[in-house]
There are 2 protein chains.
Amino acid sequence: MRIGELAIATGTKAETIRYYEREGILPAADRTDSNYRDYSDNHLAALTFVRRARQLGFSMAQVRELLALSDRVDNPCQVVDELVREQLEEVEQKILDLSSLRDELRLMLRSCEANRIGECRIVESLARPLR
Amino acid sequence: MRIGELAIATGTKAETIRYYEREGILPAADRTDSNYRDYSDNHLAALTFVRRARQLGFSMAQVRELLALSDRVDNPCQVVDELVREQLEEVEQKILDLSSLRDELRLMLRSCEANRIGECRIVESLARPLR
DNA sequence: TATGCACCTTGTAGCAACTACAAGGTCAAG
DNA sequence: CTTGACCTTGTAGTTGCTACAAGGTGCATA
């Protein structure tokens with residue numbers, strides 16, 4: 001399978017796939033006579049894994065770790081569990097941050113009843129000293 | 001007031017302040033005889049505004065817009081309102097995305113009862129085809 | 001006066017994770 | 001035999017900073 005096909009199959013741009021290969025996230029593909037990359041089902045599975053982990057918010061470094069772990073079938077599952085737990089904590093923190101941000105934005109909208117910037121509470125509230 | 005003072009007053013690194021000046025987000029400061037930047041209270045207010053907007057998740061481009069709007073006191077407040085509304089929508093969408101992500105991570109953790117990677121559901125669930 | 005230290009200057013390069021080109025090679029269809 | 005879709009490499013751009021390096025300035029202290 002050529003890079004374009006793999007790209008469509010995984011919803012990844014061809015350039016991103018080449019980037020992953022350069023970064024050592026994906027193993028290099030075989031080459032055809034005309035030097036085109038030629039991917040196997042193993043590559044498809046690997047890229048699927050990578051994309052899914054990325055979608056779940058894992059960093060490239062974390063994906064590297066996950067890949068290394070999943071290669072060594074005899075490792076304790078605990079290590080993977082730990083990575084997931086860390087990621088979960090980060091995500092939960094982000095949700096909290098965004099929630100208070102959302103509340104502030106909502107407040108700003110509600111307070112805007114003037115119709116000229118001169119009296120606009122939104123601009124005022126942005127100009128307030130930082131907490 | 002010198003750059004270090006302004007940095008402390010706003011919780012911004014001096015390098016970031018110089019960066020904002022380069023980017024035209026902040027007006028250039030006056031210079032002392034020895035070529036040090038010399039900031040006024042207006043600069044303090046402007047930087048406070050910028051930092052607050054950035055904390056609220058506005059992009060640099062949006063901050064530029066907000067600054068331009070807040071300069072023209074006779075513009076309808078509606079334009080600012082619209083920007084805030086857009087930002088709010090983005091934030092709400094991000095919260096939704098992160099929430100489903102959180103749910104998936106929680107599921108992964110719960111399903112991991114094996115203790116060897118060979119049977120690890122987490123690794124399995126990462127290898128599943130992309131939705 | 002000298003010296004040490006914190007602060008300032010400019011310029012450049014690095015980060016994450018791609019994305020967008022440019023300039024050219026390959027291949028199948030019409 | 002030409003068109004057009006695909007592929008190749010390499011390089012540079014994106015966002016919003018951050019981190020140097022190499023040198024100048026200002027002020028307190030020995």
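Values in this document were obtained by computation on a predicted structure and should not be read as measured data. Below, chains carry the letters A, B, ... as their sequence lines are ordered, and counting in each starts from 1.
- For dC7(D), the OP1/OP2 oxygens have no side-chain nitrogen or oxygen of Ser34(A) closer than 4.0 Å.
- Side-chain atoms of Gln87(B) never come within 3.5 Å of backbone atoms of Leu105(A) as a donor-acceptor pair (strictly under, hydrogens ignored).
- In this entry the distance linking CG of Leu26(A) with P of dA17(C) reads 15 Å, nearest Å.
- Here the straight-line distance linking atom CG of Leu88(B) with atom CZ of Arg106(A) works out to 6.0 Å at 0.5 Å rounding.
- When rounded to the nearest whole Å, the span between CD of Glu5(A) and P of dA5(D) equals 17 Å.
- Side-chain atoms of Arg31(A) lie closest to dT9(D) of the nucleotides dT9(D), dT10(C), dT26(C).
- The OH-C1' distance, from Tyr39(A) to dT8(D), rounds to 12 Å in whole Å.
- Pairs passing the salt bridge (Lys or Arg N to Asp or Glu O under 4.0 Å) check and including a residue from residues 26-47 of chain B, sequence neighbours excluded, read Glu21(B)-Arg37(B).
- Taking atom OH on Tyr36(A) and atom P on dC7(D), their separation rounds to 7 Å, with Å as the unit.
- Atom CG of Leu44(B) is separated from atom CE of Met1(B) by 5.5 Å, given to the nearest 0.5 angstrom.
- Taking CZ of Arg2(A) as the reference point, atom OG of Ser34(A) lies at 7.5 Å (rounded to 0.5 Å).
- The separation between Asp38(B) atom CG and dG26(D) atom C1' is 15 Å, rounded to whole Å.
- Between dT9(C) and Arg37(B), a contact under 4.0 Å exists linking OP1 or OP2 to a side-chain N or O.
- A distance-only check finds a donor-acceptor pair linking the side chain of Gln62(A) to the backbone of Ser59(A) [under 3.5 Å].
- The distance between atom CD1 of Ile3(B) and atom P of dT25(D), rounded to the nearest whole Å, is 17 Å.
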Once base and sugar-phosphate atoms are separated, protein heavy atoms under 4.0 Å mark nucleotides 11-23 of chain D, 5' to 3', with B, S and - as -----BBBBB---
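- The CZ-P distance, from Arg2(A) to dA5(D), rounds to 14 Å in whole Å.
- The CD1-P distance, from Ile17(A) to dT19(C), rounds to 12 Å in whole Å.
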_side chain to side chain donor-acceptor pair (under 3.5 Å) for Thr10(A) and Arg51(A)? Distances and angles first, verdict last._
CA-CA 8 Å; Thr10(A) 59; Arg51(A) 292 305 280 177; 5.9 Å; no
